[in-house]
Amino acid sequence: MKLRRTTPVVLAAALALTAACGGGGGSAQPSGDGKSFEFWSFSGINQKKTVEDYQKANPGVQVKLTEVGGSTETAQALTTALAGGKVPDLVLIQGDDLPKFVQQPQNFQDLRQYGADKIKSDYLDWVISQSTARSGEIIGIPTDVGGMAVAYRTDLFKQAGLPTDRDEVSKLWPTWDAFIETGKKYTAATGKAFVDNAATSVFYQAVNQGPQKYYDPSGNVVYATSPQVKTAFDLAIKTAQSGITARLSSFEDGWSAAMSKGDYAVISAPSWLLEQIRNNAPDTKGKWDVAKIPGGAGNWGGSYLAIPKGAANPKAAWDYISKTQSPQGQLDHFVDSGALPTTPSAYQDPKLLGRKDPFFSDAPTGKIYTESLLGLKPFLIGPDSAAIGQEFLNAITNVEQGKGDPAKAWDTALANIKTSIGK
């Protein structure tokens with residue numbers, strides 16, 4: 001769902017959880033009765049609410065939920081747990097972290113034994129294919145996709161003399177260059193930052209909008225030669241140098257606080273990020289709206305539920321998956337939280353298309369986000385996609401913070417990637 005840097009404190013806590021066989025939380029251990037199970041999730045997505053709803057609908061079931069940390073911390077804790085043999089019954093894995101686990105399908109329950117092969121057509125084919133091993137095992141069921149859009153502050157746009165109607169705002173930036181120019185107009189009019197940062201709000205959007213990213217369709221690493229990657233990187237460096245960013249890295253404390261204070265007016269927002277805006281800036285209800293992303297289409301984010309091979313209660317974990325991630329379950333979750341379904345049968349449902357979000361000026365979020373997926377040409381996510389992406393983000397952030405030379409940033413990123421993944 002989201003990208004978050006690992007911090008030593010959180011990672012240490014995650015490893016401690018692993019050593020204690022996933023302890024923490026405070027509720028009782030799974031009973032082994034075939035109903036109760038232990039669940040590791042990452043934080044910031046209100047997984048507790050989904051678990052509570054499931055338990056209410058299934059009396060007698062006990063779910064021990066542990067929010068390990070960010071998505072990266074959760075994946076690292078799972079890697080350690082798999083090596084040590086003490087694993088949870090169910091784990092949530094972010095999409096960019098999934099490929100390295102798919103390469104080792106023997107570490108997970110093959111969900112075909114529970115009927116995953118019979119329901120895989122319920123999901124977007126390019127999404128379910130990411131959790132399917134070359135030998136056919138299905139190790140994860142998708143929970144959501146992100147889509148792409150831009151959340152913006154209507155009150156701040158009005159102060160800057162810019163249009164506030166979402167259709168008119170979308171017309172301001174048909175391209176990323178036009179987005180940058182709009183930012184310059186805003187900053188010139190207000191003296192304030194236009195967008196939170198260049199790394200995630202520009203690079204991570206633009207790089208996810210084409211048919212090839214860090215790997216080609218055959219699985220070869222092409223990050224250094226991909227025109228899509230270089231174009232996205234150059235756009236982000238241009239943004240970082242333009243003086244329109246708040247220079248606040250996504251998901252860090254300063255970024256969250258600035259969101260409520262109006263220190264930036266725009267943020268690239270896949271559907272799952274809208275919940276973070278609500279949580280971080282509750283007093284700004286009605287001041288936001290949602291417009292189209294430059295370029296119109298793309299996806300950022302999405303996660304999967306998987307059952308490790310050594311799970312003590314795999315059937316109970318599968319029951320949770322099958323009920324919460326069915327087309328109806330994902331539709332209900334969208335209505336409740338705004339998480340965009342991976343089940344295309346929901347895309348024409350009036351509950352999705354007709355949903356208007358009062359926090360975001362009654363924006364028709366279901367319509368906006370599903371439209372952003374319709375023109376998407378999916379790309380292959382490889383085992384080192386997360387590590388590659390992080391080094392590009394680091395290089396862009398260094399330029400934005402005045403610590404890196406923009407003329408050398410691309411070569412620096414390539415060198416650091418090679419050091420990180422060995423190729």
Side-chain angles (χ1 to χ4, degrees), residues 1-4 6 11 14-15 17-18 21-22 37-43 45 47 66-114 116-117 120 123-146 213-215 219 221 299 301-314 317-318 320-321 325 342 378-390 420-423:
M1 290 220 173
K2 68 181 177 181
L3 184 77
R4 178 171 288 178
T6 303
L11 181 55
L15 296 181
L17 279 172
T18 304
C21 195
F37 60 94
E38 183 179 2
F39 180 12
W40 284 6
S41 173
F42 39 84
S43 57
I45 57 171
Q47 190 69 59
T66 299
E67 293 190 347
V68 177
S71 54
T72 299
E73 290 92 341
T74 305
Q76 290 175 335
L78 176 61
T79 298
T80 303
L82 290 170
K86 296 180 178 180
V87 295
D89 299 304
L90 182 67
V91 64
L92 188 67
I93 304 172
Q94 198 264 351
D96 276 359
D97 294 310
L98 184 71
K100 62 185 177 184
F101 295 114
V102 175
Q103 286 193 326
Q104 302 291 329
Q106 72 276 8
N107 289 330
F108 295 87
Q109 298 275 337
D110 181 358
L111 301 181
R112 292 180 298 178
Q113 65 183 303
Y114 303 113
D117 51 333
K120 65 180 183 180
Y123 303 91
L124 291 164
D125 56 0
W126 58 269
V127 176
I128 193 69
S129 68
Q130 292 177 24
S131 61
T132 304
R134 289 187 177 183
S135 46
E137 297 95 334
I138 299 174
I139 74 157
I141 296 297
T143 64
D144 68 304
V145 283
K213 191 176 174 183
Y214 306 139
Y215 290 79
V221 176
N299 181 64
S303 299
Y304 296 77
L305 286 171
I307 305 173
K309 188 71 171 180
N313 299 286
W318 173 255
Y320 180 89
I321 293 175
Q325 305 312 320
T342 63
F379 49 80
L380 178 69
I381 299 175
D384 291 310
S385 283
I388 294 169
Q390 187 61 63
S420 176
I421 70 172
K423 52 189 171 182

Handout entry: Non-hydrogen atoms of Ala311 and Pro314 that approach each other most closely
Key = O-CD, 3.5 Å

Exercise for the section: Return the set of residues passing side chain to side chain contact (heavy atoms under 4.5 Å, CB included) with Val127 (not counting sequence neighbours), or none when no residue passes. Expected result: Leu124, Pro142, Val145, Tyr304, Thr342

Handout entry: Test log, rule side-chain contact (heavy atoms from CB on, under 4.5 Å), inputs Tyr114 and Gln109
Key = CA-CA 9 Å; Tyr114 303 113; Gln109 298 275 337; 3.2 Å; yes

Exercise for the section: Could you list the residues that satisfy ring-ring contact (aromatic ring centres under 6.0 Å, His included) with Tyr214, not counting sequence neighbours? Expected result: Phe392

Fill in the blank from the handout: Output for pair (Glu38 CD, Asn313 CG), nearest 0.5 Å, gives 9.5 Å

Practice task
Could you walk me through whether Trp318 and Gln113 pass the side-chain contact (heavy atoms from CB on, under 4.5 Å) test, one step at a time?
Solution key: CA-CA 10 Å; Trp318 173 255; Gln113 65 183 303; over 6 Å; no

Handout entry: Closest contact, heavy atoms only, Tyr215 versus Ser385
Key = CE1-OG, 3.6 Å

Practice task
Can you measure from CG (Asp125) to CD (Gln130) and round to the nearest 0.5 angstrom?
Solution key: 10.5 Å

Handout entry: Ile93 side, atom CD1; Ser131 side, atom OG - distance, nearest 0.5 Å
Key = 9.5 Å

Handout entry: Point-to-point distance, once rounded to the nearest 0.5 Å, from CD1 of Ile141 to CG of Leu305
Key = 8.5 Å

Practice task
Determine, stepwise, if the pair Thr74 / Leu92 fulfils side-chain contact (heavy atoms from CB on, under 4.5 Å).
Solution key: CA-CA 8 Å; Thr74 305; Leu92 188 67; 5.8 Å; no

Fill in the blank from the handout: Here the salt bridge (charged side-chain N to carboxylate O under 4.0 Å, His left out) pairs for residues 379-388, sequence neighbours left out, are none

Handout entry: Heavy-atom side-chain proximity of Ile307 to Ile321 below 4.5 angstrom
Key = yes

Exercise for the section: Indicate yes or no: at least one non-hydrogen side-chain atom of Ser303 is less than 4.5 angstrom from one of Phe42. Expected result: yes

Fill in the blank from the handout: In terms of heavy-atom contacts, Tyr123 and Gln325 come closest through OH-O, 2.7 Å

Practice task
Would you give the length of the straight line joining atom CH2 of Trp126 to atom CG of Leu380, rounded to the nearest 0.5 angstrom?
Solution key: 12.5 Å

Practice task
Kindly say whether Ile139 contributes a backbone atom to a donor-acceptor pair with the side chain of Glu137 at under 3.5 angstrom?
Solution key: no

Practice task
Applying side-chain contact (heavy atoms from CB on, under 4.5 Å) between Phe39 and each of Asp89, Val91, Leu90, report the one that passes.
Solution key: Leu90

Handout entry: All pairs passing ring-ring contact (aromatic ring centres under 6.0 Å, His included) where residues 84-108 contributes a residue, at least two apart
Key = Phe101-Phe108

Handout entry: Residue pairs involving residues 70-95 (criterion ring-ring contact (aromatic ring centres under 6.0 Å, His included); sequence neighbours excluded)
Key = none

Completion exercise
Rounding to 0.5 Å, atoms OG (Ser71) and CD (Gln76) come to a distance of 9.5 Å

Problem - Asn299 to Gly146 - nearest heavy-atom pair and separation - result: OD1-N, 2.8 Å

Handout entry: For Ser43 against Gly70, the heavy-atom pair lying closest together
Key = OG-N, 4.0 Å

Exercise for the section: Test Leu98 against Ile381 for side-chain contact (heavy atoms from CB on, under 4.5 Å), laying out the working first. Expected result: CA-CA 9 Å; Leu98 184 71; Ile381 299 175; over 6 Å; no

Handout entry: Considering all heavy atoms, the nearest Val221-Lys423 contact
Key = CG2-CE, 4.0 Å

Fill in the blank from the handout: So the salt bridge (charged side-chain N to carboxylate O under 4.0 Å, His left out) pairs with at least one residue in residues 97-110 (sequence neighbours excluded) are Asp110-Arg112

